[in-house]
Amino acid sequence: MNEDKTLGSGTEKSEADLLRERLLRQTRHACEVMNPAEIAAADAFCEGYKTFLNQAKTEREAAAFLLARARALGFREFRPGDICRPGDKCYVNNRNKALILAVAGKEPAEAGLRLTAAHIDSPRLDLKPSPLYEDKALILGKTHYYGGIKKYQWAAIPLALHGVVVKKDGTIVPVSIGEDPADPKFCVTDLLPHLAAEQMKRTLDKGIQGEELNIIFGSRPILLDGKPEGFKLNILQILHERYGITEWDLLSAELEAVPAFPACDVGLDRGMIGAYGQDDRVCAYPCAEALFALEGVPDRTAVAVLADKEEIGSCGNTGLDTNFLLDFITDLVLGQGGNPRVALRNTKCLSADVNAAFDPTFPGVMEPQNAAYCNLGVVVTKYTGARGKSGTSDAGAEFFAWVRNLLDEAGVLWQAGELGKVDEGGGGTVAVDLAKLNLDVIDIGVPILSMHAPFELAAKLDIAMLEKACRAFYQS
Ligand code: MN
Ligand code: MN
């Protein structure tokens, strides 16, 4: 990204320079447009974000974290029939996996919402309902991967186990093993190179295959009267001691293996954060925090939805391809005596999700003129999709123009980006599901390197820019 430099001081600008300034779109690095105090504030914001990343590695933990924040700030549970008055702060907790947070505006909701939508699920390895088996003096757990992963990336890294076991009587047993430095970790094994000649001939997508994503659970048998009496029994005994559960209870559990390492700074200048699950917590956190930071009563009702299941197509009752958001908006508007369909038609929505950042190591998949770059600000993505924009919500030019103006007026550094070269691949976001509601929606988010890897990278200044963008949007 070249920058057009004006001539040195004391020199008259040439006609060509003046024309360039007037007509050419210039890209600027966030460090150029932010002063030192703003950069320090952005870095400080990202410290809070890192705490969130470390405490909220799953959709349930992210929902719990943000729900606790909301409650502490006076948000109350919304129920159908409630009448939201200007300044009222409310939330909907959808099955502990998705959240809606709202601040009622001065205008009735029928005048249209300012809605942001991000997702709080990330690719991972889920334990199968019947996971445990012993083989050759090891105890392993079978997994079924969740979302679009490169399976080979998940072998030979430390994993932690998060989730819940729900017993027959409804008792919810939360599980988190592997986050405390003193905790044991889990691991998918990989083959040693000495014996990997055949494996190395596999294509990369089969380097580690789905049924090879087996997690080491243990290696010692239970001793009863000094006699070894089974390896799996030992693990079940430990689980029973710690959680009061049996193998039957694992059937109705949701246990997710995620990378066990914490978020950290990346690069000597500490300009980036490396962590698991930044897609899409890197957008969920700014969307929620910007709502929490609202001062006074916004003109329009500001809403943030933090959804589950995006990584597998937004299906399921906690994903956005279902009615929970529509139901909330309907109840909110009906409570105020308005028409929900009119409210939806008047609603503006930012679908906050990541886009791929240009990676100089893999330039071939990008079209550089329409790619997003780290530290050039939030990326606005007009459309996603694949094979000729199939399956996308292509935002209208009118709405893009409105958003562009909003960002410029608020001093938000932004860029436009596509997801890679035409016909190189493709992807999607919840923008499609939101567009079904007959509202205006466009994708906005943070450029990411190594997306969907166990360790994803994002630039701190872009993250802070997204928070600024959300604040301006809620106040518009
Ligand atoms: Mn995403
Ligand atoms: Mn994703």
Side-chain angles (χ1 to χ4, degrees), residues 49 52-53 56-59 61-63 66 97-99 115-126 145-151 153-154 256 258-259 263 273-288 304-316 318-321 325 349-357 359 365 371-372 374 378-386 391-393 395 417-420 424-435 441-459 462-463 466 469-470:
Y49 170 52
F52 172 66
L53 284 171
K57 287 195 174 178
T58 66
E59 70 288 356
E61 290 168 354
L66 295 173
K97 296 184 192 181
L99 279 187
L115 172 67
T116 64
H119 66 93
I120 50 177
D121 62 316
S122 295
R124 60 185 191 245
L125 306 180
D126 286 346
Y145 66 97
Y146 172 98
I149 63 167
K150 293 163 96 173
K151 297 177 204 81
Q153 293 179 333
W154 292 73
E256 308 172 4
V258 298
I273 292 174
Y276 162 70
Q278 298 208 71
D279 174 9
D280 187 29
R281 288 176 184 80
V282 76
C283 298
Y285 184 77
C287 284
V305 57
L306 296 318
D308 180 29
K309 296 286 179 282
E310 193 277 343
E311 294 296 357
I312 55 169
S314 293
C315 35
T318 50
L320 273 177
D321 191 20
L325 176 64
C349 176
L350 299 181
S351 162
D353 205 345
V354 300
N355 199 339
D359 185 340
V365 299
C374 287
V378 293
V379 51
V380 180
T381 306
K382 188 175 183 295
Y383 50 81
T384 57
T392 188
S393 157
E418 273 196 309
L419 180 62
E424 191 69 41
T429 66
V430 296
V432 181
D433 308 299
L434 294 156
V441 60
I442 196 166
D443 280 303
I444 189 170
V446 174
I448 292 266
L449 289 168
S450 301
M451 194 195 296
H452 283 207
F455 191 69
E456 302 174 307
L457 305 184
D462 295 335
I463 301 168
L466 182 59
C470 290

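For the single chain, residues carry numbers from 1 onward in sequence order. Counting starts at 1 for both ligands and their atoms, following the listed order. Below, each value reflects all heavy atoms present in this structure, side chains not excepted, and no hydrogens, waters or symmetry copies.
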S122 (side chain) donor-acceptor with D279 (main chain) under 3.5 angstrom: yes
Side-chain donor-acceptor pair present, Q153, H452, cut-off under 3.5 Å: no
4.5 Å side-chain heavy-atom contact, D280 and E310: no
Side-chain touch R281/L53, heavy atoms, less than 4.5 angstrom: yes
Side-chain donor-acceptor contact under 3.5 Å, D308 with T318: yes
Tally, protein N/O/S atoms nearer to the Mn ion (ligand 2) than 2.8 Å: 4
Salt-bridge present (E59, R124; N to O < 4.0 Å): yes
